[in-house]
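Worth saying up front: this structure is predicted, and the values here are computed from it rather than measured.
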Amino acid sequence: MTSSAEKFGRALGKAVKGVANVMNEGKKDPVMYRTNLKDVPKVEGLKRDDGWVDMQVQFLIDKKSADADHVVGWTVLKPGARHENHRHHNCDEFFIVLKGHGMIYTDKGDTPSIEGDVVYSPRGCWHGFNNTSSEDVVLVWGWMGAGSIEASGYEVHPESHK
């Protein structure tokens, strides 16, 4: 014997499924996006006054290239290059130090960083990276929740080194 709660549950499930089908009508199936470092141009126009000091930055996956609501990037910091202390109001960020070492800017001061470090900065958290070494630093990084720098709510710290 079927209870009225079970009948209601089945009817509700059927209705939700029907609404989902209607809402998805005409939508394209998701498509995988693939690229290669050598095919992605370096970002032009990143200004020193905005905290981008001698950095080579590539946006590998973003809103523009893959209609993504996040960004995956690749950065090479030559000796002396740095990404000034900054934050994102609208997204979280992570980065992984693939090669080299330097200093991470934190809200508690500069902290040494080495190859293999994985760093997570929730939205609104001040952070940055300074290559204080004599070799290149390579970072892979991502913004979760924003598909472009404009959408990220990027802000350089008012007391950054510039």
Gap separating the NE2 atom of H88 from the CD atom of E155, nearest 0.5 angstrom: 10.5 Å
Please report the C-alpha distance between D110 and Y105 in whole Å, then the side-chain angles of each, then the deciding distance to 0.1 Å, and finally whether the side chain to side chain contact (heavy atoms under 4.5 Å, CB included) criterion is met. CA-CA 5 Å; D110 297 356; Y105 301 133; 3.1 Å; yes
Please check if the number of heavy atoms outside I114 that lie under 6.0 Å from its CD1 is greater than 12. no
Find the distance between CE (M103) and OG1 (T132) and round it off to the nearest 0.5 Å. 6.0 Å
Minimum heavy-atom distance between W126 and V156, given as atom pair plus value: CZ3-C, 3.9 Å
Using every non-hydrogen atom in the two residues, find where F129 and H101 come nearest and quote the distance to one decimal. CZ-C, 4.3 Å
Taking V76 as the starting point, is it possible to reach W141 by hopping between hydrophobic residues whose side chains are less than 4.5 Å apart? no
Value for CG (D39) from CZ (R34), rounded to nearest 0.5 Å, stands at 10.0 Å
Give a yes or no on whether V137 and V43 share a hydrophobic cluster (residues Ile, Leu, Val, Met, Phe, Trp, Tyr; joining criterion: side-chain heavy atoms under 4.5 Å apart). yes
What are the two closest non-hydrogen atoms of N130 and A81, and how far apart are they? OD1-O, 3.6 Å
ILVMFWY cluster, V71 and Y120 together (side-chain gap under 4.5 Å): no
Residues K99 and E115 bridged, charged N to O under 4.0 Å: no
Is there a donor-acceptor contact under 3.5 Å from the side chain of R123 to the main chain of N90? yes
Do I149 and V72 sit in the same hydrophobic cluster, where Ile, Leu, Val, Met, Phe, Trp and Tyr count as joined when their side-chain heavy atoms come under 4.5 Å apart? no
salt_bridge(R82, D54) N-O dist < 4.0 Å: no
In the structure I gave you, are the side-chain heavy atoms of H70 and I61 within less than 4.5 Å of one another anywhere? yes
To check you understand the geometry: which heavy-atom pair defines the closest contact between L139 and F95, and what is its length? CD2-CD1, 3.9 Å
When you compare the side chain of P79 with that of D136, does any pair of heavy atoms fall below 4.5 Å? yes
Decide yes or no on side chain to side chain contact (heavy atoms under 4.5 Å, CB included) for S65 and F59, but give the supporting numbers first. CA-CA 9 Å; S65 64; F59 289 6; over 6 Å; no
Which atom of C91 lies closest to which atom of S152, heavy atoms considered: SG-CB, 3.6 Å
Using the rule given for ring pair (Phe, Tyr, Trp, His ring centres under 6.0 Å), can you reason through W143 versus Y154, listing the C-alpha separation, both sets of side-chain angles and the distance that settles it, and then say yes or no? CA-CA 11 Å; W143 297 332; Y154 179 87; 7.5 Å; no
Path from V119 to V97 over hydrophobic side-chain contacts below 4.5 Å: yes
Give the C-alpha distance, both sets of side-chain angles, the deciding distance and a yes or no for side-chain hydrogen bond (donor to acceptor under 3.5 Å, both in side chains) between H86 and H127. CA-CA 5 Å; H86 66 282; H127 61 282; 3.0 Å; yes
Which heavy atom of K42 sits nearest a heavy atom of Q56, and at what distance? CE-OE1, 3.6 Å
Within the distance-only criterion (no hydrogens, no angle test), does the side chain of N85 pair as donor or acceptor with the backbone N or O of H157 below 3.5 angstrom? no
Criterion side chain to side chain contact (heavy atoms under 4.5 Å, CB included) on V53 and E84, from CA distance to verdict: CA-CA 7 Å; V53 181; E84 295 286 16; 4.1 Å; yes
With no hydrogens and no angle check, is any side-chain donor or acceptor of Q58 less than 3.5 Å from a backbone partner on V40? yes
Atom pair OH (Y33) and CG (D67), whose distance is rounded to the nearest 0.5 Å: 11.5 Å
